[in-house]
Number of protein chains: 2
Amino acid sequence: MDVHGRDLRYFAAVAQELHFTRAAELLFVSQPALSKQIRMLERALGAPLFDRDHREVRLTAVGTALLPHARRMLEQWTEAERAVAAAKAAARTRLVIGMSTGPGRNGMLPAIRSRFTADHPDAQLVLRQVDWTDPSAGLADGSSDVAFVWLPQPEPERLGWVVVAQEPRLVALPESHPLAGRESVDFAELLDQPFLALPPTAGVLRDHWLATDERGGREPLVGAEISGVDETYEALVGGQGVCLLGAGNAPLLTRGGVVTLPVRGLSPSRFALAWRAGDTRPMVHAYAKAAQAAHPCR
Amino acid sequence: MDVHGRDLRYFAAVAQELHFTRAAELLFVSQPALSKQIRMLERALGAPLFDRDHREVRLTAVGTALLPHARRMLEQWTEAERAVAAAKAAARTRLVIGMSTGPGRNGMLPAIRSRFTADHPDAQLVLRQVDWTDPSAGLADGSSDVAFVWLPQPEPERLGWVVVAQEPRLVALPESHPLAGRESVDFAELLDQPFLALPPTAGVLRDHWLATDERGGREPLVGAEISGVDETYEALVGGQGVCLLGAGNAPLLTRGGVVTLPVRGLSPSRFALAWRAGDTRPMVHAYAKAAQAAHPCR
DNA sequence: GCACGTCCATAGCCCATGGTTATCACGGAA
DNA sequence: TTCCGTGATAACCATGGGCTATGGACGTGC
């Protein structure tokens, strides 16, 4: 049914040399091993591949029929190995950058990239948009090599990070909301509002954007769960609730029908470039260094 | 270095299903066996082929690079198997007919063929001219399935045969030979002549054509050794000796410069269709039967 | 919230496979 | 005759690849 590539290699060698002992030497195996394998192959195929006697070895008709296929398959395999090696090399030079929201924060990414590519000119940077259900933006499941994430993270012990921005939390409201006309609001004024919340998988990050710690023990009221920018916009204009967001993300939501206001009485949020704690690849750390250099934490 | 075809098959199945348990079922192996093999393949290639976690299995970049090659190789192998099967089928329907001299004996072969193909319409008959160094005309080394041979044979216990002709022995002489003008000769007149002889490998058949038994214990004088018709012709006209031959072969030698005469005092020769004693293939016996029917032994 | 189901990984076992060295059998050459 | 070259065979051993049983990490449903 199946063949071992080795058997084809052995067969091709004997077919080329028409001499078991010599072929065995070329293959770096003993002559009995070669004889046995050829015999096994013949048994598997149900027909002899060689006519052999004391003075000469000849291909049979069946052997002649098999030979070109065997050679082609051996070529194919070396080609496959080449393809795998190429893919491995590409994987080594590709850095996947996970991010939860669109690439915003005016010019941050280009700034990091230009510093990074100075050190790694052959690296290939790939941006990957990740759903908000994963607060680590792809680090946890390995789909990202580095990621821009909001702190705090549910499993901080599995990550390393550098903070690249510290931003006050704003509140986003539908234009029609009673508070929408204000210059700013106290968080206390929002305690009774229904909030849009990240999915439960976001863990402590969900709590952070609900500002659970700042509610004095009162449970937040969740109006809807959101896992993307457009969803959030729709939920806001649909009146399902209000939500907090980092100042740097305000441009993503302030389209028609939504306003954002500063909130007094809330600690700022920290935005970080993170990686897996066990990841020792130079590229990863070079990117982290570039991120820190581009945005020295204020 | 090499791959087992099975590994490719396993890999392709998992890549198709993206589900180890299900793929294992399709492959009729246990799930651990499949997991282990994939892991071995990954180790051999030095890179993971799948990203797997509890909920999903995905191809990695390396796996994606390998997949088309794997599929192509699997196709190639089924093609190779088809080619082998075809070659086997052809071998089963091909009958190789060995003969030492040219196909002569006016119409014998077509007569046998027509009887034979009545029973085996799909058989393919191949004539094979064999050097006189092999008195069995290819039966001994397996290069013929049946063969027209002269009796006696060196290893009669390894053959079966039916006699298809019994012919007086003639003597072939160069035109310039003192006896060339005669109507016939007594063998006693030839005892002092140098004879052309078959190679020593012909064994008792060499003795037969030297008529060693009919010399009363005197050693024959060998003028040259011959292993083909043209060689014999040249040796005759070159005056290296005379030689005996079956009456049916006379036309092969009686070209310009050579004459053949009846010889009194010699037993006739028997020409037979032979096969290997252990060969039980129906085609072989059908051909023997056809030969016997076409030329009932006189 | 807890028991259960799903799915991949691991462990331990067993036999077939594929390698080794030593030796044989056979034919050709010296 | 003896010796040499060749492929086949024997006896042995490590590994590979299969199995069953079990583990661990998530989801799911009562």
Side-chain angles (χ1 to χ4, degrees), chain A residues 1-11 13-15 17-44 48-60 63 133-134 136 140-142 154-155 158 199-203, chain B residues 1-11 13-15 17-44 48-60 63 133-134 136 140-142 154-155 158 199-203:
Chain A
M1 175 175 194
D2 292 317
V3 227
H4 197 120
R6 179 196 43 234
D7 292 345
L8 296 178
R9 200 157 46 83
Y10 285 9
F11 166 65
V14 176
E17 295 295 317
L18 292 177
H19 195 290
F20 278 72
T21 307
R22 209 154 51 229
E25 278 169 22
L26 291 181
L27 296 166
F28 299 104
V29 294
S30 67
Q31 170 266 318
L34 178 58
S35 283
K36 191 150 101 177
Q37 286 314 102
I38 294 290
R39 203 160 282 284
M40 299 290 256
L41 181 57
E42 288 175 325
R43 200 164 57 84
L49 296 169
F50 297 100
D51 278 336
R52 29 210 190 279
D53 61 23
H54 299 288
R55 79 208 64 194
E56 68 172 341
V57 173
R58 289 188 315 275
L59 267 177
T60 63
T133 50
D134 177 7
S136 76
D141 66 5
E155 301 184 291
R158 304 183 61 176
T201 52
Chain B
M1 176 175 194
D2 292 316
V3 227
H4 197 120
R6 180 197 41 236
D7 292 346
L8 297 178
R9 201 158 44 84
Y10 285 8
F11 167 64
V14 176
E17 296 295 317
L18 292 178
H19 195 289
F20 278 71
T21 308
R22 208 155 50 231
E25 278 170 21
L26 291 181
L27 295 166
F28 300 104
V29 294
S30 69
Q31 169 266 316
L34 178 58
S35 283
K36 189 149 106 179
Q37 287 312 102
I38 295 290
R39 201 160 284 283
M40 299 289 262
L41 182 57
E42 289 175 325
R43 199 164 56 84
L49 296 168
F50 298 100
D51 278 336
R52 29 212 191 279
D53 61 23
H54 299 287
R55 79 207 65 196
E56 68 172 341
V57 173
R58 289 187 316 275
L59 268 176
T60 62
T133 50
D134 177 7
S136 75
D141 68 3
E155 301 184 291
R158 304 182 61 175
T201 51

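Note on naming: letters A, B, ... go to the chains in the order of the sequence lines (proteins, then strands), and numbering restarts at 1 for each one. Model, not experiment: these values are computed from the prediction. Only this structure's heavy atoms are used, side chains among them; waters, hydrogens and symmetry mates stay out.
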**Asked** chain B on DNA chain C: first and last contacting nucleotide, 5' to 3', under 4.0 Å to a heavy atom?
**Response**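 Range of nucleotides within reach of chain B: C/dC7 to C/dT10.
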Find the distance [X]:[atom1] to [N]:[atom2] and express it as a whole number of Å.
{"X": "A/Glu56", "N": "D/dT6", "atom1": "CD", "atom2": "P", "answer": "13 Å"}
{"X": "A/Gln37", "N": "D/dT9", "atom1": "CD", "atom2": "P", "answer": "14 Å"}
{"X": "A/Gln31", "N": "D/dT9", "atom1": "CD", "atom2": "C1'", "answer": "10 Å"}
{"X": "B/Arg43", "N": "D/dG16", "atom1": "CZ", "atom2": "P", "answer": "7 Å"}
{"X": "A/Arg158", "N": "D/dA25", "atom1": "CZ", "atom2": "C1'", "answer": "11 Å"}
{"X": "A/Arg39", "N": "D/dA10", "atom1": "CZ", "atom2": "P", "answer": "11 Å"}
{"X": "A/Met1", "N": "D/dG18", "atom1": "CE", "atom2": "P", "answer": "12 Å"}
{"X": "B/Asp7", "N": "D/dG18", "atom1": "CG", "atom2": "C1'", "answer": "13 Å"}

**Message:** Can you see if the side chain of B/Arg6 gets near the phosphate of D/dG16 - specifically, an N or O under 4.0 Å from OP1 or OP2?
**Reply:** no
**Asked** For D/dT6, does either OP1 or OP2 sit under 4.0 Å from a side-chain N or O belonging to A/Arg52?
**Response** no
Nearest 0.5 Å, please: how far is [atom2] in [Y] from [atom1] in [X]?
{"X": "B/Leu34", "Y": "B/Glu17", "atom1": "CG", "atom2": "CD", "value": "11.0 Å"}
{"X": "B/Gln37", "Y": "B/Asp7", "atom1": "CD", "atom2": "CG", "value": "5.0 Å"}
{"X": "B/Met1", "Y": "A/Arg6", "atom1": "CE", "atom2": "CZ", "value": "10.5 Å"}
{"X": "A/Arg43", "Y": "A/Leu49", "atom1": "CZ", "atom2": "CG", "value": "13.0 Å"}

**Request:** Just call it for B/Tyr10: base, sugar-phosphate, or nothing, with non-hydrogen atoms closer than 4.0 Å on any strand.
**Result:** sugar-phosphate
**Request:** Just call it for B/Ser30: base, sugar-phosphate, or nothing, with non-hydrogen atoms closer than 4.0 Å on any strand.
**Result:**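 Contact class for B/Ser30: base.
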**Request:** Could you check A/Val57 against A/His4 and say which one's nearest nucleotide on DNA chain D is further toward the 5' end?
**Result:** A/Val57
**Asked** When the nearest nucleotide of DNA chain D is assigned to A/Lys36 and to A/Leu18 on a heavy-atom basis, which residue is associated with the more 5' position?
**Response** A/Leu18
**Request:** Using the six-membered ring wherever Trp is involved, compare the ring planes of B/Phe50 and B/Phe20 and label them parallel, tilted or perpendicular (cut-offs 30° and 60°).
**Result:** perpendicular
**Asked** Can you find a heavy atom in the side chain of B/Gln31 that is under 4.5 Å from one in the side chain of B/Ser35?
**Response**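 Result yes, sub-4.5 Å side-chain heavy-atom pair found.
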**Prompt:** Could you go step by step and tell me if A/Ile38 and A/Arg52 meet the side chain to side chain contact (heavy atoms under 4.5 Å, CB included) rule?
**Reply:** CA-CA 12 Å; A/Ile38 294 290; A/Arg52 29 210 190 279; 4.2 Å; yes
